[in-house]
Structures are given as structure tokens and as C-alpha cells.
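Written below as C-alpha cells is the structure these notes are about.
FYI, the numbering just counts along the sequence from 1.
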Amino acid sequence: MSEPSKTRPKVPEGQSRFLKTRQMEPNEKGYVGYQTIWEPFQKEVPYQTPKKP
């Protein structure tokens with residue numbers, strides 16, 4: 001039997017409307033993780049006190 005390959009194929013960066021995923025480098029145990037980057041859904045507006053009547 002042949003030995004299975006220890007390297008993972010390089011995966012292209014995934015992109016959707018609010019999310020990006022990137023393949024990370026394998027760690028010392030050979031685990032390959034994925035980094036997720038979320039874009040903000042909402043705008044944050046600084047609070048302003050209402051005018052007094």
C-alpha cells in the first residue's frame with residue numbers, strides 16, 4: 001500500500017458577502033486550520049444626546 005500524502009492541497013481564499021476564509025499553514029502536528037474574517041453587518045453610529053424640549 002502506498003503512504004497517503006501528508007500535505008494538504010492549497011485551497012483558494014473563499015469569499016462571500018460578509019465572510020472571508022483563508023487556509024492557514026499546518027502546525028507541528030500537521031493540522032491545517034482555516035482563518036475566518038467577518039466583515040461588519042451594521043454601521044455603528046456614535047450616540048448623541050437628544051435635544052431638550
Side-chain angles (χ1 to χ4, degrees):
M1 291 202 152
S2 65
E3 180 76 21
S5 177
K6 298 257 182 197
T7 60
R8 294 273 301 202
K10 186 70 177 159
V11 177
E13 185 175 297
Q15 247 179 337
S16 67
R17 186 171 176 191
F18 296 112
L19 177 70
K20 287 184 185 179
T21 57
R22 262 188 222 139
Q23 186 177 13
M24 295 169 27
E25 295 298 317
N27 65 5
E28 63 277 351
K29 293 182 180 179
Y31 175 75
V32 177
Y34 293 89
Q35 178 183 24
T36 56
I37 303 163
W38 285 95
E39 297 294 326
F41 293 35
Q42 307 168 342
K43 274 198 237 176
E44 268 191 48
V45 178
Y47 178 74
Q48 296 176 349
T49 55
K51 291 193 287 185
K52 294 186 179 181

* Atom CD in E25, atom CD in Q35: separation rounded to 0.5 Å? -> 11.5 Å

* Enter the distance from Y31:OH to M24:CE here, rounded to the nearest 0.5 Å. => 8.0 Å

* Structure fact -> The reported gap from CD in E13 to OG1 in T21 (rounded to nearest 0.5 angstrom) is 7.0 Å

* Can you tell me how far the CD atom of E39 sits from the NZ atom of K20, to the nearest 0.5 Å? -> 5.5 Å

